[in-house]
Structures are given as structure tokens and as C-alpha cells.
Amino acid sequence: MNINIQEKDRYIALFLKDRLDAFGAGELQKAIDARLHDKIQCCILDMTDVSYISSAGIRVLLTIGKKLKTRNGVLALAGLQPY
């Protein structure tokens, strides 16, 4: 999994590439844990180049959403593929 990160003010944008499988989910979790500090209110995940999402990937997305919800933040998914 390739993850490019942009952070500005109160939001963070992650551009994901490849598969969000068990390995990719671990990589995403590490990237989020390192960057999701108290100041961040919005997390945008660009999934245009993600070809597959496993249950482990979905679990990480839910974890991010719950974490942001506790601080009245929001998780936004962009570029989702039909499959």
C-alpha cells in the first residue's frame, strides 16, 4: 500500500494506492496513528487507486470514523470504485 499524506490546518488527506487488505490496513493504521492528533477534525481518504478493500481495511475505516466522531469530526471517502 502506497499512502501519500497532506495535512493542512484541521484536516488531513490521505491518497491511497493498491490494495487495502490486511497488510494495507496495518500500513494505513500506522499512518493514521502517527498523524491523527487532537487538532484534526476531518480526514479525507482518496480511494481512487484502491482496487480492493478487505474486512481488515473496513475495520480501520470504522476505527478512524469512530475516533473522529468523538471530537465532532468527520471521515470522508472519495473516489470509491464500483466493486
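It should be emphasised that the depicted structure is a prediction, and the values quoted were computed from it without experimental measurement. Hydrogens, waters and symmetry mates play no part in the numbers below; they use all other heavy atoms, side chains included.
Of the inter-residue distances, the one linking Asp49 atom CG with Asn2 atom CG reads 9.0 Å to the nearest 0.5 angstrom. Rounding to the nearest 0.5 Å gives a distance of 12.0 Å between NZ of Lys39 and CZ of Arg71. Once rounded to the nearest 0.5 Å, the distance linking NZ of Lys17 with OG of Ser51 reads 10.5 Å. Between the CE atom of Met1 and the CG atom of Leu20 there is a distance of 5.0 Å, given to the nearest 0.5 Å. The line from CG of Leu14 to CD1 of Ile12 is 5.0 Å long, rounded to the nearest 0.5 Å. With values rounded to the nearest 0.5 angstrom, Glu27 atom CD is found 11.0 Å from Asp18 atom CG.
The shortest heavy-atom contact between Leu75 and Leu61 is CD2-O, 3.4 Å. Of all the heavy atoms in Ala22 and Ser54, the pair that sits closest is N-OG, 3.7 Å.
In the hydrophobic cluster analysis, where Ile, Leu, Val, Met, Phe, Trp and Tyr join through side-chain heavy atoms closer than 4.5 angstrom, Leu62 is grouped together with Leu36. Taking hydrophobic clusters as Ile, Leu, Val, Met, Phe, Trp and Tyr residues chained together by side-chain heavy-atom distances below 4.5 Å, Tyr11 does not share a cluster with Ile64. The hydrophobic clustering, which links ILVMFWY residues whose side-chain heavy atoms are closer than 4.5 Å, places Ile5 and Val74 apart. Residues Met47 and Ile58 are members of one and the same hydrophobic cluster, defined by side-chain heavy-atom contacts under 4.5 angstrom among Ile, Leu, Val, Met, Phe, Trp and Tyr. Under a hydrophobic clustering in which Ile, Leu, Val, Met, Phe, Trp and Tyr are joined whenever their side-chain heavy atoms come within less than 4.5 Å, directly or via other members, Tyr52 and Ile3 fall into different clusters.
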Discussion item. Working note: Ile44 + Gln6, criterion side chain to side chain contact (heavy atoms under 4.5 Å, CB included); need CA distance, chi angles, decisive distance, verdict.
Written reply: CA-CA 10 Å; Ile44 304 162; Gln6 294 179 1; over 6 Å; no

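Counting heavy atoms from C-beta on, the side chains of Val60 and Ile32 never come closer than 4.5 Å. When side chains are defined from C-beta on, Gln81 does not count as touching Ile53, because their heavy atoms never get closer than 4.5 Å.
Under a cut-off of 6.0 angstrom, the local environment of NZ in Lys67 is crowded, with over 12 non-hydrogen atoms contributed by other residues, nucleotides or ligands.
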